[in-house]
Amino acid sequence: MAQDLIRDWDAHLAHEKRRSEHTRRAYIATAERFCVFLSRHRGGAVDAHMLKALTPNDLRAYLADRRAEGLGNASAARELSALRGFLRFVGGSGASVPQMRGPRVKKGLPRPVAPAEALALAQDVEDNAREGWVGARDFALLLLLYGAGLRIGEALSLTGAVLPLGETLRVTGKRSKTRIVPILPAVATAVSRYVEACPWPIAKDAPIFLGARGGPLQPGVVRASVRSARRALGLPERTTPHALRHSFATHLLAGGADLRSLQELLGHASLASTQVYTAVDAAHLLDIYRNSHPRA
């Protein structure tokens with residue numbers, strides 16, 4: 001039945017594909033929605049036989065149904081990609097998956113946060129925390145994202161084994177790929193200040209960043225704090241924890257870093273993923289030109 005297939009796919013994504021928990025959660029949610037839709041669209045229980053017999057029209061009908069719920073192009077493209085992976089898994093080696101062209105997605109450029117804005121954001125989050133140690137925690141975490149280019153999931157997965165922070169840090173990123181990133185003295189100091197203030201003991205094999213009750217800190221808590229701070233500071237909605245990582249990359253590139261080095265620092269598997277930052281830097285230069293040149 002469908003739930004058994006989805007459960008097996010989840011295990012495959014975790015152990016064979018090494019997908020992150022966040023990615024797996026999104027993929028599984030898509031597969032579950034799709035199976036619910038199919039039971040209504042085709043009638044009857046959804047099983048492997050039905051999934052192997054699907055046509056492009058079935059996928060189009062599902063996407064049309066999701067569009068009616070307000071799904072945008074980018075999200076529709078992601079769901080279609082997830083469904084292709086699910087159907088390939090169900091069909092097995094050499095299986096034929098219904099082919100259809102996905103929606104066209106205009107690739108937007110990540111917008112960097114200015115250094116002063118990044119620091120102001122971290123300071124406001126700290127100042128408005130309900131407890132001093134919570135503020136120190138969030139300040140240290142946001143400095144790690146901006147100062148070392150970490151993804152929020154990478155920062156939250158750091159354990160006490162890396163303490164005290166030195167000049168470099170070994171980070172485990174997507175698909176269990178490890179990389180070495182330099183740590184600025186200000187970042188190391190912020191993390192040390194948090195560790196000293198934290199009321200909970202931080203074990204070698206436990207996460208560094210802890211929640212109010214001593215358990216692992218959840219990313220949603222950090223995002224909520226950032227939302228409140230950016231509203232208070234009048235910063236745009238694009239100012240998110242992940243935007244701090246984009247800013248790290250953009251500012252390094254503007255300072256003279258080469259793409260290969262930036263690729264290593266960000267943990268990108270492909271140089272193509274890093275090359276988007278050249279467009280970001282060019283956009284920034286164009287903004288300066290338009291605002292400064294008398295003929296612009």
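Just so you know, residue 1 is the first one in the sequence shown, and it goes up from there.
- One finds the OG1 atom of Thr189 at 11.5 Å from the CD1 atom of Ile183 (value rounded to the nearest 0.5 Å).
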Could you pull out all donor-acceptor pairs under 3.5 Å where a side-chain atom in residues 224-234 meets a protein atom, sequence neighbours excluded?
unit_1: Ser225; atom_1: OG; unit_2: Val221; atom_2: O; d: 3.2
unit_1: Ser228; atom_1: OG; unit_2: Ala224; atom_2: O; d: 3.3
unit_1: Arg230; atom_1: NH1; unit_2: Glu237; atom_2: O; d: 3.3
unit_1: Arg230; atom_1: NH1; unit_2: Thr239; atom_2: O; d: 3.1

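- The list of salt bridge (charged side-chain N to carboxylate O under 4.0 Å, His left out) pairs with a residue in residues 118-143, not counting sequence neighbours, reads Glu126-Arg193.
- Checking side-chain atoms of Ser192 against main-chain N and O of Ala188 turns up no donor-acceptor pair under 3.5 Å.
- You'll find the side chain of Cys35 reaches within 4.5 Å of the side chain of Ile6, heavy atoms only.
- Using a 4.5 Å heavy-atom threshold, the side chains of Leu143 and Leu244 count as separate.
- Residues forming a salt bridge (charged side-chain N to carboxylate O under 4.0 Å, His left out) with Asp65 (at least two apart in sequence, or on another chain): Arg40.
- Between Gly147 and Leu184 the shortest heavy-atom distance is O-CD1, 4.1 Å.
- In this structure the side chain of Leu5 never reaches within 4.5 angstrom of the side chain of Gln3, judged on heavy atoms.
- At a threshold of 4.5 Å between non-hydrogen side-chain atoms, the residues Val46 and Phe37 do not count as touching.
- The minimum heavy-atom distance linking Leu142 with Ala122 is given by the pair CD1-CA, 3.8 Å.
- Counting only distance, with no hydrogens or angles, the side chain of Glu154 and the backbone of Arg151 share a donor-acceptor pair below 3.5 Å.
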Quiz prompt | side-chain contact (heavy atoms from CB on, under 4.5 Å) evaluation trace for Leu150 with Val171 | solution = CA-CA 8 Å; Leu150 271 61; Val171 178; 4.2 Å; yes
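- Every residue was checked against the salt bridge (charged side-chain N to carboxylate O under 4.0 Å, His left out) condition with Arg223, not counting sequence neighbours, and none meets it.
- The closest side-chain heavy-atom distance from Tyr62 to Glu79 is below 4.5 Å.
- The shortest side-chain heavy-atom distance between Leu158 and Leu144 falls under the 4.5 Å cut-off.
- Across all non-hydrogen atoms, the minimal contact from Ile208 to Gly160 is CG1-N, 3.8 Å.
- What you find for His41 and Ala61 is that their closest heavy atoms are CE1-CB, 3.8 Å.
- Here the shortest heavy-atom pairing between Ala155 and Leu145 reads CB-CD2, 4.0 Å.
- In this structure, the side-chain contact (heavy atoms from CB on, under 4.5 Å) partners of Ala140, at least two apart in sequence or on a different chain, are Ala190, Val191, Tyr194, Phe209.
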Please set out all donor-acceptor pairs under 3.5 angstrom arising from side-chain atoms of residues 7-14, sequence neighbours excluded.
unit_1: Arg7; atom_1: NH1; unit_2: Asp4; atom_2: OD1; d: 3.4
unit_1: Arg7; atom_1: NH2; unit_2: Asp4; atom_2: OD1; d: 2.8
unit_1: Asp10; atom_1: OD1; unit_2: Arg24; atom_2: NE; d: 3.0

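- Note on residues 159-173: no pairs pass side-chain hydrogen bond (donor to acceptor under 3.5 Å, both in side chains), not counting sequence neighbours.
- When the side-chain contact (heavy atoms from CB on, under 4.5 Å) test is applied to Ala203, the partners found at least two apart in sequence or on another chain are Asp205, Ala206.
- Glu69 meets the salt bridge (charged side-chain N to carboxylate O under 4.0 Å, His left out) test with Arg66; sequence neighbours excluded.
- Between Tyr146 atom OH and Leu141 atom CG the span is 15.5 Å, to the nearest 0.5 Å.
- With sequence neighbours left out, the salt bridge (charged side-chain N to carboxylate O under 4.0 Å, His left out) criterion links Asp58 to Arg42.
- The hydrophobic clustering, which links ILVMFWY residues whose side-chain heavy atoms are closer than 4.5 Å, places Tyr27 and Val36 apart.
- Residue pairs meeting the ring pair (Phe, Tyr, Trp, His ring centres under 6.0 Å) criterion with at least one partner in residues 165-188, sequence neighbours excluded, are absent.
- Judged as a side chain to side chain donor-acceptor pair (under 3.5 Å), and not counting sequence neighbours, the contacts of Asn57 are Arg60.
- Side-chain contact between Leu156 and Pro207 is absent, with no heavy atoms from C-beta onward closer than 4.5 Å.
- With values rounded to the nearest 0.5 angstrom, Leu83 atom CG is found 10.0 Å from Leu51 atom CG.
- Nearest heavy atoms, Gly44 versus Met50: O-CE, 4.5 Å.
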